[in-house]
Amino acid sequence: MTIRSTMLIDKNFRVSEVDPRMYGSFIEHLGRAVYGGIYEPGHPTADANGFRQDALEAIRALQVPIIRYPGGNFVSGYNWEDGVGPLSERRRTLELAWWTTETNAVGTNEFAQWAKLAGSEVMMAVNLGTRGVDAARNLVEYCNHPSGSYYSDLRISHGYEEPHRFKTWCLGNEMDGPWQIGAKTAVEYGRLANETAKAMRWVDPTIELVACGSSSSGMATFANWEATILDLTYDQVDFLSLHTYYNNNAGDTANFLATSMNLDRFIHSVASICDYVQAKKRSNKKIMLSLDEWNVWNTIGTSRNHERWQIAPPEFEDVYTHADALAVGCYLITMLKHADRVKMACLAQLINTIAPIMTETGGGLWLQTTYYPFLHASHYGRGTVLLANVESPRYDAKDFTDVPYLESVAVFNEEHGEVTIFAVNRHLEEAMTLDMDVRSFGALSLIEHIVLESEDLMLANTKEDPRRVVPHNHGSAQEDGGRVSATLSKASWNVIRLRVVKV
Ligand code: AHR
């Protein structure tokens, strides 16, 4: 049996341009993300600076425009001064977020240098846990001021003549979480974030600032936190952050694949709170959303599950299944549907720690199932999101009702003359016939139909067998006079790429 869905896609019905920063990611000093991930002096592929070239290559292939750094919970106890200057003088510190020893071998300058090689901007975070206005404004001066002041000259003396010119800065991390070093109430954080933002902008008026939203929509303080801190920071900030992780630990995949409906509601709610504060302030300014931590995280809750004070012990090395990749696909589609509001998003994280890319210390590299939907969205999900009219049969799951079997979105890249349809068939047993009316584009031709599918939802790639779940481009999509039809296999991720031949 097959089920049937339809999409009507019109080039004139537009949601918004996609900000390329939608395909950002995140690297924290956590687990083997930095040490053993991007940086491993002595590794056969390491360059003179200790950067693993195999990791760089896999990251470059993803075309990640921005990477958040250095945390995460890590940033709330971080003294940035410990990570700059001659390597031999850097001190080892006790890292309290994850109970490890931080060697400080990689710090701001090394990361800036590495990010350039990766083709990414840095989304820098400042410590508003144990520190505040002074450390933050000095860090902006160190990173962004050209020369002629104490901190800019200090950077030059460390070998970095040119300022890094980091544009996007996060004002702390998850400051409402009791697990956070120096956690705060909404009023404490709002006041501190506002004053810090003011001073940072006085050093460099070109920067953009992200205020911390709740650490998840499940926090008891969610919504009030957002409203309060925005009330206190509105004129100084440009973005509000959202963090969310999902897991399939209950083993109910139909319900798990519906969690993108929770993400949809989360985005909608936070946008509404921003608009409420805008209305209250009679402001012309709209706050945009930075979904700067999102992913599937099945090992959540196993934190600090190791002997204390080790250097970069493996942490949260989730091995992702086919079902996890489908969920990641659903989240990407959901974000795209909100491209008018979600301007930045960071897949958390990028390498080794809850990540699409895994390395073996001293050894090779392999790609997780979740690498592929992210790769496809990053490559083909740039342009303008179109408002499609979608009809799909629905199902009820444990926590969600009326879940469409089809999760889909269309993106029109006018510059390249391409239309891409991203689609997940959430049905775990049945294939789906998808009929797309694309007449408004005139003549289209099929470039390819990429499919990620697996008979076994729980199948994962591993270092021993990294090609168990990989995409192919032998999907069934066909174009026929303004209509495109395809059969989407059960539980599959699909990318249908079309070229505009004649409008
Ligand atoms: O990404 C892992 C952790 O999750 C981050 O450090 C923190 O911000 C969040 O709770």
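Fair warning: this is a prediction, and the values are worked out from it, not measured in the lab.
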Check: Lys184 side chain, Gly129 main-chain N or O, donor-acceptor pair, under 3.5 Å: yes

Ring pair (Phe, Tyr, Trp, His ring centres under 6.0 Å) pairs, two or more places apart, involving residues 377-400: Tyr395-Tyr405

Shortest non-hydrogen contact from Gln180 toward Ser76: OE1-OG, 2.7 Å

Partner of Leu139 by side chain to side chain contact (heavy atoms under 4.5 Å, CB included), out of Met124, Arg131, Glu81: Met124

His29 ring center near Tyr69 ring center (under 6.0 Å): yes

Any donor-acceptor N or O pair under 3.5 Å, side chains Ser149, Ser152: yes

Donor-acceptor pair between Glu391 and Thr6 side chains, under 3.5 angstrom: no

Side chains of residues 58-67: which donor-acceptor partners sit under 3.5 Å, not counting sequence neighbours?
from, atom 1, to, atom 2, distance (Å)
Arg60, NE, Leu117, O, 2.8

Backbone N/O of Arg32 and side chain of Asn352: donor-acceptor pair under 3.5 Å: yes

Residue that, paired with Thr299, satisfies side chain to side chain donor-acceptor pair (under 3.5 Å) out of Thr353, Asn305, Asp318: Asp318

Under 3.5 Å side-chain donor-acceptor pair for Ser260 and Arg426: yes

Side-chain donor or acceptor of Thr228 paired with backbone N/O of Asn224 under 3.5 Å: yes

Glu95 side chain to Trp309 side chain, donor-acceptor N/O pair below 3.5 angstrom: no

Student check: side-chain heavy atoms of Val210 and Val237 closer than 4.5 Å: no

From CA spacing to verdict: side chain to side chain contact (heavy atoms under 4.5 Å, CB included), Val419, Val411: CA-CA 6 Å; Val419 185; Val411 181; over 6 Å; no

Donor + acceptor pair across side chains of Gln310, Trp99 (<3.5 Å): no

Working for salt bridge (Lys or Arg N to Asp or Glu O under 4.0 Å), residues Arg341 and Asp275: CA-CA 11 Å; Arg341 236 24 220 270; Asp275 293 347; 2.9 Å; yes

Pair Ser214-Glu226, side-chain donor/acceptor within less than 3.5 Å: yes

NZ or CZ of Arg68 within 45° of Phe26 ring axis and under 6.0 Å: yes

Member of Leu326, Thr370, Val469 meeting the side chain to side chain contact (heavy atoms under 4.5 Å, CB included) criterion with Leu452: Val469

Ion pair Arg14/Glu17, N-O distance below 4.0 Å: no

The single option from Thr100, Thr101, Asp82 passing side chain to side chain contact (heavy atoms under 4.5 Å, CB included) against Thr93: Asp82

Intermediate values then yes/no, side chain to side chain contact (heavy atoms under 4.5 Å, CB included), Ile27 and Trp114: CA-CA 12 Å; Ile27 292 182; Trp114 176 85; 3.7 Å; yes

Any side-chain heavy-atom pair of Val296 and Tyr331 under 4.5 Å: yes

Tyr39 and Tyr35 aromatic ring geometry - parallel, tilted or perpendicular at 30°/60° bounds: perpendicular

Sub-4.5 Å side-chain heavy-atom contact between Phe422 and Ile496: no

Salt bridge (Lys or Arg N to Asp or Glu O under 4.0 Å) between Arg137 and Glu141, worked out: CA-CA 6 Å; Arg137 59 128 182 187; Glu141 183 183 320; 5.7 Å; no

Gln368/Asn461 under side chain to side chain contact (heavy atoms under 4.5 Å, CB included): CA gap, chis, key distance, verdict: CA-CA 6 Å; Gln368 301 245 29; Asn461 296 334; 5.7 Å; no

Donor on one side chain, acceptor on other, Tyr189 and Asp176, under 3.5 Å: no

CD on Gln349 to CG on Leu30, rounded to 0.5 Å: 5.0 Å

Donor + acceptor pair across side chains of Asn194, Thr233 (<3.5 Å): no

Partner of Asp324 by side chain to side chain donor-acceptor pair (under 3.5 Å), out of Asn248, Asn247, Asn298: Asn298

Phe222/Phe266 aromatic ring centres below 6.0 Å: yes

CA sep, side-chain torsions, deciding dist, call: Asp238, Arg201, salt bridge (Lys or Arg N to Asp or Glu O under 4.0 Å): CA-CA 12 Å; Asp238 308 286; Arg201 279 192 198 283; 2.9 Å; yes

Val126 and Trp169, any side-chain heavy atoms less than 4.5 Å apart: yes

Greater than 12 external heavy atoms within 6.0 Å of Tyr276's OH: no

Test item: Ile207 and Asp204 side chains (from C-beta on) under 4.5 Å apart, heavy atoms: yes

Close side-chain approach of His243 and Trp294, heavy atoms under 4.5 Å: no

Exam field: side chain Asn295 to backbone Leu347, donor-acceptor pair closer than 3.5 Å: no

Stepwise side chain to side chain contact (heavy atoms under 4.5 Å, CB included) test for Asp396 and Val403: CA-CA 6 Å; Asp396 289 340; Val403 185; 5.9 Å; no

Minimum side-chain heavy-atom gap Tyr150-Asn138 below 4.5 Å: no

Criterion salt bridge (Lys or Arg N to Asp or Glu O under 4.0 Å) on Asp235 and Lys285, from CA distance to verdict: CA-CA 8 Å; Asp235 294 336; Lys285 173 177 170 183; 5.4 Å; no

Donor-acceptor under 3.5 Å (Thr259 side chain, Phe256 main chain): yes

Proximity of Phe316 and Trp297 rings by center, below 6.0 Å: yes

Ring-ring centroid check Trp80 Tyr142, cutoff 6.0 Å: yes

Closest heavy-atom pair and its distance - Leu386, Ile9: CD1-CG2, 3.6 Å

Side-chain donor-acceptor pair present, Asn127, Thr130, cut-off under 3.5 Å: yes

Neighbour count >12 (heavy atoms, 6.0 Å) for atom NZ, Lys116: no

Backbone N/O of Pro314 and side chain of Glu317: donor-acceptor pair under 3.5 Å: no

Gap between atom CG of Leu96 and atom CZ of Arg308 - 0.5 Å precision: 9.0 Å

Within-4.5 Å side-chain heavy-atom neighbours: Leu263 and Leu291: yes

Salt bridge present between Glu162 and Arg155 (N-O < 4.0 angstrom): no

Exam field: side chain Glu195 to backbone Leu192, donor-acceptor pair closer than 3.5 Å: no

